A.B. asks: 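Got a structure for you, written out below as structure tokens; questions coming shortly.
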Number of protein chains: 2
Amino acid sequence: MSDTRSQIVEVADKLFYERGYEHTSFADIAAVVGLSRGNFYYHFKTKDDILDAVIQLRERKTEVLLDGWAEQAHTPMERLDQFIGMMVMNGPQIRRYGCPVGTLCTELAKLEHPALPRASMLFTLFRQWLADQFTQLGFGDRADVLAMHLLARSQGIATMANAFDDEQFIRHETEQLQAWLRTLVPTALTN
Amino acid sequence: MSDTRSQIVEVADKLFYERGYEHTSFADIAAVVGLSRGNFYYHFKTKDDILDAVIQLRERKTEVLLDGWAEQAHTPMERLDQFIGMMVMNGPQIRRYGCPVGTLCTELAKLEHPALPRASMLFTLFRQWLADQFTQLGFGDRADVLAMHLLARSQGIATMANAFDDEQFIRHETEQLQAWLRTLVPTALTN
DNA sequence: GTCTATACCCAGATAGAC
DNA sequence: GTCTATCTGGGTATAGAC
């Protein structure tokens, strides 16, 4: 994998997030990387190939992110807090561009793009990681349902914060989410 | 307003929802209406003009919808149930295309399209209507916050159901939403 | 591996006949 | 009000020189 190639994927990742997949052209990516449009096709034959590479990159980044959280936080509850904290930390980006995973899935669904299942796999990575934490908290039978609930809540927050360009809303709703987690789990179990 | 014009707007409304704004071309709309591309410009000068007309149409439709709910249901709680029930009723469409309002706002935000504020006004219509119901339930000071919360929850449900093509998830989460409403409001107040 | 040049198509948009 | 014909720009994609 050449350095130019990974540069292309990094830039495409960013532009697909900020402008959307369809609205990002080869020329846009090439301009940022500092490449001619023609040379582009040495690295990627089609736009779908770039999308595949971007999704793959995001998979790797997500795994690194989740592993990092697992290292930094030692209890399941603290790890769930890391997930919620991500929304606050990424507030400015979410306000402008929404959630990278959610907005990509939304776009691909409308395009009836064959890569949609691969994009929603990014959700699945979070889903399984969150379910793991709930399992460790003793919700074995409801772990997946709770994980999906938490994901949905975060998606709703991102969509509304994006539509209304409202960062205060993120802070308020994430506090609500943390409160919900606390009512869910008896305090004794959180440490 | 000619009949052809309203036909165009109706078709554009549907296609913008199903395929997205950018991915829908004049030719697509003209083909469905049974019009030549050239004649299109007699009715609309630019694509943005069509978008404006579509948003306006949706505003009218939303007002009719909300008025209808207010007529059918006579207590605030029943009216909130109508809102939640809409998600179940529109389950198949949501699964395939997401929420019409949420996905439009998401797309326009990425395009940095000047019509975004007008599109999010559609959210505002729901927001105010929902806040009205919460006010009538005695949550005057928190009515808007609760309305936004309910909207965000519904957006999250739509995004996840769309990404995973999962209608069962809609049913489960809407039941959770109804349960949440019941814990929020003492039973004595719901009638 | 990178470039220029170019083919090709489809989009939005216009002109003008009917 | 509707049509055909056409312009222009941008997009994806290819060929071939360096």
Side-chain angles (χ1 to χ4, degrees), chain A residues 1-57 103-104 107-108 110-116 118-119, chain B residues 1-57 103-104 107-108 110-116 118-119:
Chain A
M1 174 142 15
S2 76
D3 194 53
T4 306
R5 186 193 156 94
S6 31
Q7 245 188 299
I8 290 173
V9 181
E10 285 285 350
V11 169
D13 180 21
K14 179 178 153 72
L15 292 183
F16 286 177
Y17 172 41
E18 293 177 357
R19 308 183 187 179
Y21 170 66
E22 213 180 10
H23 194 57
T24 302
S25 71
F26 282 18
D28 292 335
I29 303 171
V32 175
V33 178
L35 229 73
S36 77
R37 263 175 308 157
N39 185 29
F40 214 95
Y41 291 83
Y42 172 79
H43 300 280
F44 293 97
K45 302 288 174 223
T46 71
K47 200 176 178 184
D48 287 359
D49 288 345
I50 306 179
L51 178 60
D52 270 348
V54 166
I55 293 175
Q56 212 178 323
L57 172 67
T103 55
L104 180 62
E107 184 177 2
L108 295 181
K110 289 206 196 269
L111 301 180
E112 299 193 76
H113 197 290
L116 173 59
R118 290 205 57 206
Chain B
M1 175 145 13
S2 76
D3 195 53
T4 306
R5 187 194 156 93
S6 31
Q7 246 188 296
I8 290 174
V9 181
E10 285 284 351
V11 170
D13 180 20
K14 180 178 151 71
L15 291 183
F16 286 176
Y17 174 40
E18 293 177 357
R19 308 183 187 179
Y21 171 66
E22 213 179 9
H23 193 57
T24 302
S25 71
F26 282 18
D28 291 337
I29 303 170
V32 175
V33 178
L35 228 74
S36 78
R37 264 173 307 156
N39 184 30
F40 216 95
Y41 292 82
Y42 172 78
H43 300 280
F44 293 96
K45 302 288 176 224
T46 71
K47 200 178 178 183
D48 287 358
D49 287 346
I50 305 178
L51 179 59
D52 271 347
V54 166
I55 293 175
Q56 212 177 324
L57 173 67
T103 56
L104 180 62
E107 183 177 2
L108 296 182
K110 288 205 198 270
L111 301 181
E112 299 192 76
H113 196 290
L116 173 59
R118 290 205 57 204

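Chain naming here is simple, since letters A, B, ... match the order of the sequence lines and numbering starts at 1 in each. Just so we're clear, the structure is a prediction, and the values are computed from it rather than from any experiment.
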A.B. asks: Could you tell me whether the side chain of Asp48(B) reaches within less than 4.5 Å of the side chain of His113(B), counting heavy atoms only?
C.D. replies: yes
A.B. asks: Answer with yes or no whether the side chains of Asn39(B) and Ser36(B) bring together a donor and an acceptor at under 3.5 Å.
C.D. replies: no
A.B. asks: Compare the minimum distances between each of dG1(D), dT2(C), dT4(C) and the side chain of Ser36(A), then state the nucleotide with the smallest one.
C.D. replies: dT4(C)
A.B. asks: What is the distance, to the nearest angstrom, from the CZ atom on Phe40(A) to the P atom on dT4(C)?
C.D. replies: 15 Å
A.B. asks: Under 4.0 Å from OP1 or OP2 of dT2(D): is there any side-chain N or O of His43(B) that close?
C.D. replies: yes
A.B. asks: Which whole-number value in Å describes the distance from His23(B) NE2 to dG12(C) P?
C.D. replies: 11 Å
A.B. asks: Could you tell me the separation between the OH atom of Tyr42(A) and the P atom of dT12(D), rounded to a whole number of Å?
C.D. replies: 21 Å
A.B. asks: Kindly write out the residues that satisfy salt bridge (Lys or Arg N to Asp or Glu O under 4.0 Å) with Asp52(A), not counting sequence neighbours, or none if the list is empty.
C.D. replies: Arg118(A)
A.B. asks: Which letter, B, S or -, goes with each nucleotide of nucleotides 13-18 of chain D from 5' to 3', with contact meaning a protein heavy atom under 4.0 Å?
C.D. replies: BB----
A.B. asks: Which atoms form the tightest heavy-atom contact between Leu15(B) and Val32(B), and what is the distance?
C.D. replies: CD1-CG2, 4.3 Å
A.B. asks: Below 4.0 angstrom, N of the basic side chain to O of the carboxylate: do Lys14(B) and Glu10(B) qualify?
C.D. replies: no
A.B. asks: Hey, can you pull the residues of residues 11-22 of chain B with a non-hydrogen atom under 4.0 angstrom from DNA chain D?
C.D. replies: none
A.B. asks: Reckon Ser25(A) touches a base, only the sugar-phosphate, or nothing at all at heavy-atom distances under 4.0 Å?
C.D. replies: sugar-phosphate
